[in-house]
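Encoded as structure tokens, the structure appears first; notes follow it.
Keep in mind that what you see is a predicted model, and the values were worked out from it rather than measured.
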Amino acid sequence: MSEARWSAVDAYIADVVVRPAAALEAALRDSEAAGLPAIAVSPAYGKLLMLLARACRARRVLEIGTLGGYSTIWLAAGIPPDGRVVTLELEPKHAAIARVNLDRAGVGERVDIRIGPAATTLQALGAGGAEPFDLVFIDADKEGYPIYLELVIPLCRAGALIVADNVVRDGRVADADSTDPQVIGIRKFNAMLADDPRFDATIIQTVGIKKYDGFALAVVA
Ligand code: SAH
Ligand code: DHB
Ligand code: MG
């Protein structure tokens with residue numbers, strides 16, 4: 001089956017069941033106009049993030065990798081107005097665009113954007129005794145996933161949900177001999193989820209406008 005078919009079905013799904021608000025469409029449009037890469041989650045995936053936040057009654061969400069704030073808007077829409085999304089972004093330019101997109105979507109007041117390398121910010125959150133998170137979405141540089149997972153565990157409440165994007169990467173994740181640092185990082189991350197008794201995890205493959213990839217879903221003991 002072709003990528004055109006996957007995209008057509010994603011468009012159908014967005015139409016029939018997602019129906020993203022105008023501010024979400026605007027966030028994508030303005031992010032692209034500003035030269036950001038078109039690597040935000042799909043509308044259906046964004047809505048999944050919102051539904052997961054609602055289903056686990058999340059009040060505090062941690063996101064690693066903000067880009068233009070598209071997934072951040074969805075996550076913020078899934079928590080109560082007095083809840084909090086803390087989102088970590090390396091690039092000040094991305095953070096600035098995300099700020100505008102989040103404010104326009106009406107969720108800006110519940111989102112805290114922290115600029116800098118995620119590992120440094122995660123360490124600071126741990127040292128600062130941040131309130132525990134109910135849901136974590138990992139979506140930054142793939143090489144960093146193993147260290148992010150390690151640093152995120154002490155920030156989570158028991159029973160927290162971890163979602164990690166891009167863990168299939170066109171199927172390249174199944175290549176045990178890969179020398180691609182991104183694939184190596186993802187394989188190490190997936191193995192950590194599998195081998196560490198503090199997690200119970202699965203991985204779901206996806207196709208659509210973002211081609212062939214997948215996400216991991218884990219519950220923290
Ligand atoms: N979650 C977004 C997409 C994130 S793209 C969405 O779905 O809408 C990945 C983002 O991670 C990029 O903005 C990139 O700048 C950021 N990033 C890359 N390396 C990082 C690091 N070391 N620390 C924090 N953010 C990083
Ligand atoms: C790419 C896709 C992503 O979802 C991401 O978070 C980073 C990179 C990509 O296709 O390059
Ligand atoms: Mg991603």
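Residue I162 is grouped with residue F133 when hydrophobic side chains (ILVMFWY) are merged at heavy-atom distances under 4.5 angstrom, including chains of intermediate members. Neither V111 nor V86 shares a network with the other; the hydrophobic side chains, linked directly or stepwise wherever heavy atoms of I, L, V, M, F, W or Y lie under 4.5 Å apart, form separate groups for each. With hydrophobic clusters built from ILVMFWY side chains whose heavy atoms lie under 4.5 angstrom apart, V168 shares a cluster with V207. The hydrophobic cluster containing L102 also contains W74, counting ILVMFWY residues as joined when their side-chain heavy atoms lie under 4.5 angstrom apart, directly or transitively. Connection of F199 to I64 is established within a shared hydrophobic cluster, with ILVMFWY side chains joined at heavy-atom distances below 4.5 Å, either directly or through further cluster members.
Counting only heavy atoms from C-beta outward, the side chains of I79 and V61 approach each other to under 4.5 Å. Between C156 and V136, some side-chain heavy-atom pair lies under the 4.5 Å cut-off. Residues I138 and F189 form a side-chain contact, since some pair of their non-hydrogen atoms from C-beta on lies under 4.5 Å apart. Between S7 and Y12, every side-chain heavy-atom pair lies at or beyond the 4.5 Å cut-off. At least one side-chain heavy atom of R99 sits less than 4.5 Å from a side-chain heavy atom of D103.
In terms of modelled atom types and a separation under 3.5 Å, the side chain of K188 and the main chain of I147 share no donor-acceptor contact. Proximity of a side-chain donor or acceptor of E89 to a complementary backbone N or O of T66 within less than 3.5 Å is detected. A distance-only check finds no donor-acceptor pair linking the side chain of E91 to the backbone of K93 [under 3.5 Å]. Side chain of D170 to main chain of R172: no donor-acceptor pair is present (N/O by atom type, distance under 3.5 Å, no hydrogens or angles). Put simply, the side chain of R84 never gets that close to the backbone of R59: no donor and acceptor are under 3.5 Å apart. The backbone N or O of D213 lies less than 3.5 Å from a partner atom in the side chain of T206, making a donor-acceptor pair. Remark: the backbone N or O of G69 is not paired with any side-chain donor or acceptor of N101 at under 3.5 angstrom. In this structure a side-chain-to-backbone donor-acceptor pair under 3.5 Å is missing from K142 to I184. Side-chain atoms of K211 do not come within 3.5 Å of backbone N or O of I209 as any donor-acceptor pair.
Taking a 4.5 Å side-chain heavy-atom cut-off between Ile, Leu, Val, Met, Phe, Trp and Tyr, the cluster of I97 extends to L36, I39, L67.
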*Apply side-chain contact (heavy atoms from CB on, under 4.5 Å) to the pair D139 and N166, showing each step before the final yes or no.*
CA-CA 7 Å; D139 194 21; N166 310 116; 3.0 Å; yes

*Show your working on salt bridge (Lys or Arg N to Asp or Glu O under 4.0 Å) between D30 and R104 and close with a plain yes or no.*
CA-CA 12 Å; D30 288 2; R104 176 172 46 195; 2.9 Å; yes

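Y45 and F215 have their aromatic ring centers within a separation under 6.0 angstrom.
Defined by atom type and a distance below 3.5 Å, a donor-acceptor pair is missing between the side-chain atoms of R187 and N190. In this model, no donor atom of one side chain and acceptor atom of the other lie less than 3.5 Å apart for Y145 and D165.
Rounded to the nearest 0.5 angstrom, R54 CZ and L49 CG are separated by 13.5 Å.
Contact record, G171 with Y212: N-CE2, 3.5 Å, taken as the closest heavy-atom pair. Contact detail for D10 and A44: the closest heavy-atom pair is OD1-CB, 4.5 Å. Shown here for Y148 and A119, the closest heavy-atom pair between the two residues is CE2-N, 3.7 Å. R157 and V220 make their closest contact through O-CB, 4.4 Å (heavy atoms, listed as atom of the first residue, atom of the second, distance). Heavy atoms only, all atoms of each residue included: A216 and I203 are closest at CB-CG1, 4.0 Å. Across all their heavy atoms, E63 and S71 have their closest contact at OE2-OG, 2.5 Å.
In this structure, R19 does not pair ionically with D15, as no charged nitrogen and carboxylate oxygen lie closer than 4.0 Å. For D196 and R198, the salt-bridge test passes: some basic side-chain N is under 4.0 Å from an acidic carboxylate O. Between D82 and R110 there is no salt bridge, since no side-chain nitrogen of the basic residue lies less than 4.0 Å from a carboxylate oxygen of the acidic one.
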